[in-house]
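FYI, the numbering just counts along the sequence from 1. Excluded from the calculations below are hydrogen atoms, water molecules and symmetry mates; all remaining heavy atoms, backbone and side chain alike, are included.
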Amino acid sequence: MKIVVLGGVAAGTKTAAKLKREDSSASVTVYTKSGDISYAGCGLPYYVGGAIESRGELIVNTPEKYTGLTGVQVKTGMEAVAVAPQDKTVRFANGETVFYDKLVIATGAVPFIPNVPGPSLSGVFTMRTPDDAAGLRSYVEQNSCRSAVVVGAGFIGLEIAENLMAKGLSVKCVFGAIDYQDGYRIYIGGRWGKKVAHGEPLPRIFTSEEEVMDVVEKAILLFRDEGQTGERFADTVTRLGFDVVSQKLLEGRIDKESILKKTVKGGATC
(Lines give C-alpha, C1' and ligand atoms only; values in the text may rest on other atoms or scores of the structure.)
Protein backbone atom coordinates (compact mmCIF):
# COMPACT_ATOMS: atom_id res chain seq x y z
CA MET A 1 0.00 0.00 0.00
CA LYS A 2 1.46 3.32 -1.07
CA ILE A 3 -0.07 6.37 0.62
CA VAL A 4 0.78 9.91 -0.45
CA VAL A 5 -0.01 12.85 1.84
CA LEU A 6 0.11 16.34 0.34
CA GLY A 7 0.85 18.93 3.01
CA GLY A 8 2.52 18.87 6.39
CA VAL A 9 2.11 20.83 9.63
CA ALA A 10 -0.75 19.63 11.86
CA ALA A 11 -3.20 17.88 9.53
CA GLY A 12 -0.74 16.22 7.17
CA THR A 13 1.80 14.97 9.69
CA LYS A 14 -0.79 13.70 12.18
CA THR A 15 -2.74 11.91 9.46
CA ALA A 16 0.40 10.31 8.06
CA ALA A 17 1.56 9.17 11.50
CA LYS A 18 -1.86 7.66 12.26
CA LEU A 19 -1.93 5.79 8.94
CA LYS A 20 1.54 4.40 9.57
CA ARG A 21 0.53 3.23 13.06
CA GLU A 22 -2.56 1.54 11.63
CA ASP A 23 -0.53 -0.30 8.97
CA SER A 24 3.20 -0.45 9.61
CA SER A 25 3.76 -2.21 6.27
CA ALA A 26 2.33 0.70 4.28
CA SER A 27 4.61 3.12 2.49
CA VAL A 28 3.52 6.56 3.73
CA THR A 29 5.17 9.72 2.38
CA VAL A 30 4.44 13.36 3.15
CA TYR A 31 5.13 15.83 0.33
CA THR A 32 5.23 19.49 1.27
CA LYS A 33 5.99 22.68 -0.64
CA SER A 34 7.66 24.23 2.40
CA GLY A 35 10.94 23.25 3.97
CA ASP A 36 9.19 23.08 7.37
CA ILE A 37 6.79 20.25 8.16
CA SER A 38 5.79 21.21 11.68
CA TYR A 39 5.93 24.61 13.36
CA ALA A 40 4.27 26.61 16.13
CA GLY A 41 2.03 28.94 14.17
CA CYS A 42 0.84 30.69 17.32
CA GLY A 43 4.43 31.66 18.07
CA LEU A 44 4.91 33.60 14.83
CA PRO A 45 3.90 37.01 16.25
CA TYR A 46 6.30 36.56 19.16
CA TYR A 47 9.16 35.78 16.78
CA VAL A 48 8.33 38.99 14.91
CA GLY A 49 8.47 40.90 18.20
CA GLY A 50 11.66 39.20 19.42
CA ALA A 51 10.22 37.42 22.47
CA ILE A 52 11.08 34.23 20.56
CA GLU A 53 14.64 34.93 19.51
CA SER A 54 15.46 32.35 16.85
CA ARG A 55 13.52 30.88 13.95
CA GLY A 56 14.55 27.42 15.11
CA GLU A 57 12.46 27.83 18.27
CA LEU A 58 9.34 27.85 16.08
CA ILE A 59 10.10 24.44 14.59
CA VAL A 60 8.36 21.58 16.41
CA ASN A 61 9.67 18.70 14.28
CA THR A 62 12.32 18.47 11.60
CA PRO A 63 11.76 16.00 8.74
CA GLU A 64 14.55 13.78 10.08
CA LYS A 65 13.19 13.74 13.62
CA TYR A 66 9.65 13.11 12.41
CA THR A 67 10.74 10.20 10.21
CA GLY A 68 12.67 8.69 13.10
CA LEU A 69 9.63 8.92 15.39
CA THR A 70 6.96 7.71 12.95
CA GLY A 71 8.58 5.84 10.07
CA VAL A 72 6.87 8.20 7.62
CA GLN A 73 9.05 9.50 4.80
CA VAL A 74 9.12 13.26 4.14
CA LYS A 75 9.87 15.10 0.90
CA THR A 76 10.20 18.89 1.30
CA GLY A 77 10.31 21.50 -1.45
CA MET A 78 7.75 19.49 -3.43
CA GLU A 79 4.87 21.59 -4.77
CA ALA A 80 2.02 19.50 -6.15
CA VAL A 81 0.64 21.05 -9.33
CA ALA A 82 -1.70 18.36 -10.67
CA VAL A 83 -3.57 15.26 -9.51
CA ALA A 84 -4.82 12.62 -11.96
CA PRO A 85 -7.31 10.46 -10.01
CA GLN A 86 -7.93 8.18 -12.98
CA ASP A 87 -4.22 7.30 -13.11
CA LYS A 88 -3.65 7.67 -9.36
CA THR A 89 -0.72 10.00 -9.86
CA VAL A 90 0.45 13.37 -8.54
CA ARG A 91 2.65 15.65 -10.61
CA PHE A 92 5.01 18.11 -8.91
CA ALA A 93 6.47 21.43 -10.02
CA ASN A 94 9.92 19.89 -10.52
CA GLY A 95 8.47 17.52 -13.14
CA GLU A 96 8.41 14.43 -10.93
CA THR A 97 5.29 12.23 -11.03
CA VAL A 98 4.39 9.91 -8.14
CA PHE A 99 1.94 6.99 -8.12
CA TYR A 100 -0.34 6.34 -5.12
CA ASP A 101 -2.85 3.77 -3.89
CA LYS A 102 -4.41 6.30 -1.52
CA LEU A 103 -4.10 10.08 -1.51
CA VAL A 104 -4.63 12.52 1.36
CA ILE A 105 -4.84 16.23 0.52
CA ALA A 106 -3.93 18.26 3.61
CA THR A 107 -2.66 21.44 2.01
CA GLY A 108 -4.45 23.72 4.49
CA ALA A 109 -5.64 27.25 3.90
CA VAL A 110 -4.02 30.34 2.43
CA PRO A 111 -4.19 33.89 3.81
CA PHE A 112 -7.02 36.00 2.44
CA ILE A 113 -5.60 38.91 0.45
CA PRO A 114 -8.09 41.74 -0.15
CA ASN A 115 -8.67 42.73 -3.76
CA VAL A 116 -6.85 46.05 -3.48
CA PRO A 117 -3.86 47.50 -5.35
CA GLY A 118 -0.36 46.77 -4.08
CA PRO A 119 -0.30 43.34 -2.38
CA SER A 120 2.92 42.44 -4.20
CA LEU A 121 4.77 45.60 -3.18
CA SER A 122 7.79 45.54 -0.90
CA GLY A 123 6.76 45.77 2.73
CA VAL A 124 3.48 43.87 2.32
CA PHE A 125 3.37 40.52 4.14
CA THR A 126 0.99 37.73 5.00
CA MET A 127 1.40 35.82 8.27
CA ARG A 128 1.08 32.05 8.16
CA THR A 129 4.52 30.40 8.09
CA PRO A 130 7.92 30.86 9.75
CA ASP A 131 9.18 32.29 6.46
CA ASP A 132 6.43 34.95 6.62
CA ALA A 133 7.45 35.88 10.17
CA ALA A 134 11.15 35.93 9.31
CA GLY A 135 10.48 38.15 6.31
CA LEU A 136 8.44 40.67 8.32
CA ARG A 137 10.90 40.79 11.21
CA SER A 138 13.85 41.26 8.86
CA TYR A 139 12.07 44.00 6.91
CA VAL A 140 11.10 45.93 10.04
CA GLU A 141 14.62 45.77 11.46
CA GLN A 142 16.51 46.48 8.24
CA ASN A 143 14.30 49.41 7.27
CA SER A 144 13.87 50.91 10.75
CA CYS A 145 10.12 50.94 10.23
CA ARG A 146 8.10 53.39 12.32
CA SER A 147 4.52 52.44 11.44
CA ALA A 148 2.47 49.45 10.30
CA VAL A 149 -1.07 48.55 9.27
CA VAL A 150 -2.41 45.13 10.27
CA VAL A 151 -5.35 43.89 8.19
CA GLY A 152 -7.38 41.54 10.38
CA ALA A 153 -8.04 41.60 14.11
CA GLY A 154 -8.26 37.93 15.00
CA PHE A 155 -5.78 36.56 17.52
CA ILE A 156 -2.91 36.48 15.00
CA GLY A 157 -3.66 40.04 13.88
CA LEU A 158 -3.85 41.38 17.43
CA GLU A 159 -0.71 39.54 18.52
CA ILE A 160 1.19 40.83 15.47
CA ALA A 161 -0.02 44.34 16.31
CA GLU A 162 1.02 43.90 19.95
CA ASN A 163 4.50 42.74 19.02
CA LEU A 164 5.04 45.45 16.43
CA MET A 165 4.01 48.02 19.03
CA ALA A 166 6.53 46.46 21.41
CA LYS A 167 9.19 47.14 18.79
CA GLY A 168 8.22 50.81 18.85
CA LEU A 169 6.02 50.98 15.76
CA SER A 170 2.80 52.94 15.53
CA VAL A 171 0.21 50.32 14.55
CA LYS A 172 -3.26 50.56 13.07
CA CYS A 173 -5.59 47.54 12.76
CA VAL A 174 -8.12 47.30 9.92
CA PHE A 175 -10.84 44.72 10.40
CA GLY A 176 -14.43 43.87 9.62
CA ALA A 177 -16.41 45.30 12.50
CA ILE A 178 -20.11 44.78 11.88
CA ASP A 179 -21.41 47.89 10.17
CA TYR A 180 -24.87 49.00 11.24
CA GLN A 181 -26.75 51.87 9.68
CA ASP A 182 -26.09 53.91 12.78
CA GLY A 183 -22.50 52.75 13.44
CA TYR A 184 -20.34 49.77 14.39
CA ARG A 185 -20.79 46.97 16.91
CA ILE A 186 -17.64 45.43 18.44
CA TYR A 187 -17.60 41.89 19.85
CA ILE A 188 -14.89 40.67 22.24
CA GLY A 189 -14.04 37.33 23.79
CA GLY A 190 -14.80 35.13 20.78
CA ARG A 191 -12.42 32.47 19.51
CA TRP A 192 -12.06 29.65 16.99
CA GLY A 193 -10.16 26.39 17.23
CA LYS A 194 -10.73 23.57 19.70
CA LYS A 195 -12.57 25.80 22.16
CA VAL A 196 -15.03 27.81 20.11
CA ALA A 197 -16.63 30.72 21.95
CA HIS A 198 -18.97 33.43 20.71
CA GLY A 199 -17.95 36.97 21.50
CA GLU A 200 -20.17 39.39 23.37
CA PRO A 201 -20.92 42.87 22.02
CA LEU A 202 -19.66 45.89 23.88
CA PRO A 203 -22.66 47.85 25.22
CA ARG A 204 -22.25 50.72 22.83
CA ILE A 205 -22.60 51.50 19.12
CA PHE A 206 -19.55 53.25 17.66
CA THR A 207 -20.27 55.95 15.13
CA SER A 208 -16.85 56.32 13.48
CA GLU A 209 -13.88 54.23 12.40
CA GLU A 210 -11.70 56.37 14.68
CA GLU A 211 -13.72 55.22 17.71
CA VAL A 212 -13.39 51.60 16.59
CA MET A 213 -9.61 51.92 16.19
CA ASP A 214 -9.33 53.51 19.62
CA VAL A 215 -11.02 50.48 21.19
CA VAL A 216 -8.83 48.08 19.20
CA GLU A 217 -5.69 49.85 20.40
CA LYS A 218 -6.93 49.71 24.00
CA ALA A 219 -7.66 45.99 23.60
CA ILE A 220 -4.11 45.36 22.37
CA LEU A 221 -2.62 47.32 25.26
CA LEU A 222 -4.90 45.63 27.79
CA PHE A 223 -3.88 42.20 26.49
CA ARG A 224 -0.21 43.15 26.63
CA ASP A 225 -0.56 44.45 30.17
CA GLU A 226 -2.84 41.86 31.76
CA GLY A 227 -2.64 38.77 29.55
CA GLN A 228 -0.93 35.80 31.17
CA THR A 229 1.51 33.31 29.66
CA GLY A 230 -0.24 31.06 27.14
CA GLU A 231 -3.46 33.09 27.01
CA ARG A 232 -5.38 34.28 24.00
CA PHE A 233 -7.27 37.55 24.29
CA ALA A 234 -10.48 35.52 24.72
CA ASP A 235 -8.91 33.78 27.74
CA THR A 236 -7.98 37.12 29.26
CA VAL A 237 -11.55 38.38 28.80
CA THR A 238 -12.89 35.23 30.48
CA ARG A 239 -10.46 35.44 33.41
CA LEU A 240 -10.96 39.15 34.09
CA GLY A 241 -14.67 39.09 33.29
CA PHE A 242 -16.50 40.64 30.37
CA ASP A 243 -17.86 43.54 32.46
CA VAL A 244 -14.39 44.45 33.76
CA VAL A 245 -12.82 44.37 30.29
CA SER A 246 -15.74 46.26 28.79
CA GLN A 247 -15.42 48.99 31.42
CA LYS A 248 -11.67 49.32 30.80
CA LEU A 249 -12.11 49.54 27.04
CA LEU A 250 -14.93 52.05 27.17
CA GLU A 251 -14.22 54.15 30.25
CA GLY A 252 -10.87 53.25 31.75
CA ARG A 253 -7.63 55.09 31.16
CA ILE A 254 -4.94 52.85 29.73
CA ASP A 255 -1.39 54.17 30.05
CA LYS A 256 0.06 53.30 26.65
CA GLU A 257 3.54 54.64 27.34
CA SER A 258 4.11 52.72 30.58
CA ILE A 259 2.65 49.49 29.15
CA LEU A 260 4.94 49.57 26.11
CA LYS A 261 7.96 50.01 28.39
CA LYS A 262 7.22 46.75 30.17
CA THR A 263 9.08 43.59 29.24
CA VAL A 264 6.77 40.94 27.82
CA LYS A 265 7.23 37.52 29.40
CA GLY A 266 5.74 34.33 28.08
CA GLY A 267 3.57 34.50 24.98
CA ALA A 268 1.01 32.44 23.15
CA THR A 269 1.11 28.67 23.25
CA CYS A 270 -0.26 26.13 20.81
Side-chain angles (χ1 to χ4, degrees), residues 1-48 52 54-85 88-94 96-112 126-134 152 154-157 159-160 190-197 229-232 234-235 266-270:
M1 175 71 70
K2 184 173 183 179
I3 302 173
V4 169
V5 179
L6 301 180
V9 197
T13 56
K14 290 183 178 180
T15 299
K18 174 66 173 177
L19 290 169
K20 188 66 174 177
R21 287 197 303 271
E22 292 292 322
D23 183 359
S24 60
S25 66
S27 169
V28 184
T29 306
V30 172
Y31 292 86
T32 176
K33 177 181 176 181
S34 171
D36 303 306
I37 65 161
S38 184
Y39 56 85
C42 49
L44 299 180
Y46 297 91
Y47 174 74
V48 171
I52 294 177
S54 70
R55 187 184 186 282
E57 293 178 75
L58 296 171
I59 306 305
V60 178
N61 256 330
T62 63
E64 297 77 17
K65 181 180 176 182
Y66 175 77
T67 297
L69 290 170
T70 65
V72 174
Q73 298 302 306
V74 177
K75 303 288 186 180
T76 60
M78 299 287 286
E79 180 182 5
V81 294
V83 175
K88 291 194 170 183
T89 59
V90 179
R91 181 165 57 86
F92 294 90
N94 64 0
E96 183 176 345
T97 297
V98 173
F99 167 81
Y100 63 85
D101 292 305
K102 292 185 177 181
L103 175 66
V104 177
I105 299 177
T107 49
V110 294
F112 170 73
T126 56
M127 189 55 53
R128 185 166 180 82
T129 70
D131 288 341
D132 294 335
F155 66 85
I156 291 290
E159 288 168 352
I160 284 289
R191 64 181 296 163
W192 296 103
K194 293 181 179 179
K195 298 179 180 179
V196 176
T229 300
E231 283 190 339
R232 305 290 192 197
D235 300 320
T269 58
C270 291

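If you check the side chains of E57 and S54, you find a donor sitting under 3.5 Å from an acceptor. In summary, the side chains of D131 and T129 do not present any donor paired with an acceptor at a separation below 3.5 Å, with no hydrogens or angles considered.
For the pair C42 and R232, the minimum side-chain heavy-atom distance is below 4.5 Å. The closest side-chain heavy-atom distance from V83 to Y100 is below 4.5 Å. Side-chain contact check for Q73 versus T67: some heavy-atom pair is nearer than 4.5 Å.
Among residue pairs with one or both ends in residues 13-38, those qualifying as ring-ring contact (aromatic ring centres under 6.0 Å, His included) are Y31-F92; sequence neighbours excluded. Applying the salt bridge (charged side-chain N to carboxylate O under 4.0 Å, His left out) test to every pair with at least one member in residues 98-109, sequence neighbours left out, gives no pairs at all.
For R128 (side chain) and A109 (main-chain N/O), a donor-acceptor pair under 3.5 Å exists by modelled atom type.
The two atoms that bring T76 and S34 nearest to each other are CB-O, 3.4 Å, heavy atoms only. Closest of all the heavy-atom pairs between P130 and R55 is CB-NH2, 3.5 Å. Pairing each heavy atom of V30 with each of G12, the nearest pair is CG2-O, 4.3 Å. Between A134 and Y47, the shortest heavy-atom contact is CA-CE2, 3.6 Å. Pairing each heavy atom of K20 with each of A26, the nearest pair is NZ-O, 2.6 Å. Residues L6 and A80 approach most closely at CD1-CB, 4.0 Å, considering heavy atoms.
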message: Could you walk me through whether M127 and D132 satisfy the side-chain contact (heavy atoms from CB on, under 4.5 Å) test, starting with their C-alpha distance in whole Å, then the side-chain angles of each, then the deciding distance to 0.1 Å, before giving a yes or no?
response: CA-CA 5 Å; M127 189 55 53; D132 294 335; 4.2 Å; yes
task: Run the numbers on V4 and V104 for side-chain contact (heavy atoms from CB on, under 4.5 Å), then give the verdict.
output: CA-CA 6 Å; V4 169; V104 177; over 6 Å; no
task: With side-chain contact (heavy atoms from CB on, under 4.5 Å) as the test, would you mind laying out the steps for N61 and L69 before giving the verdict?
output: CA-CA 10 Å; N61 256 330; L69 290 170; 4.1 Å; yes
message: Using the rule given for side-chain contact (heavy atoms from CB on, under 4.5 Å), can you reason through V48 versus I160, listing the C-alpha separation, both sets of side-chain angles and the distance that settles it, and then say yes or no?
response: CA-CA 7 Å; V48 171; I160 284 289; 4.0 Å; yes
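If you run side chain to side chain contact (heavy atoms under 4.5 Å, CB included) between S38 and each of V74, V9, T62, V60, only V60 comes through. Evaluated for a side chain to side chain contact (heavy atoms under 4.5 Å, CB included) with L103, the options V90, V5, T89, I3 yield exactly one hit, V90.
Atom OG1 of T15 is separated from atom CD1 of I105 by 12.0 Å, given to the nearest 0.5 angstrom. The OG1 atom of T29 sits 7.0 Å away from the NZ atom of K75 when rounded to the nearest 0.5 Å.
Applying the side-chain hydrogen bond (donor to acceptor under 3.5 Å, both in side chains) test to K18 and every residue at least two apart in sequence or in another chain returns E22.
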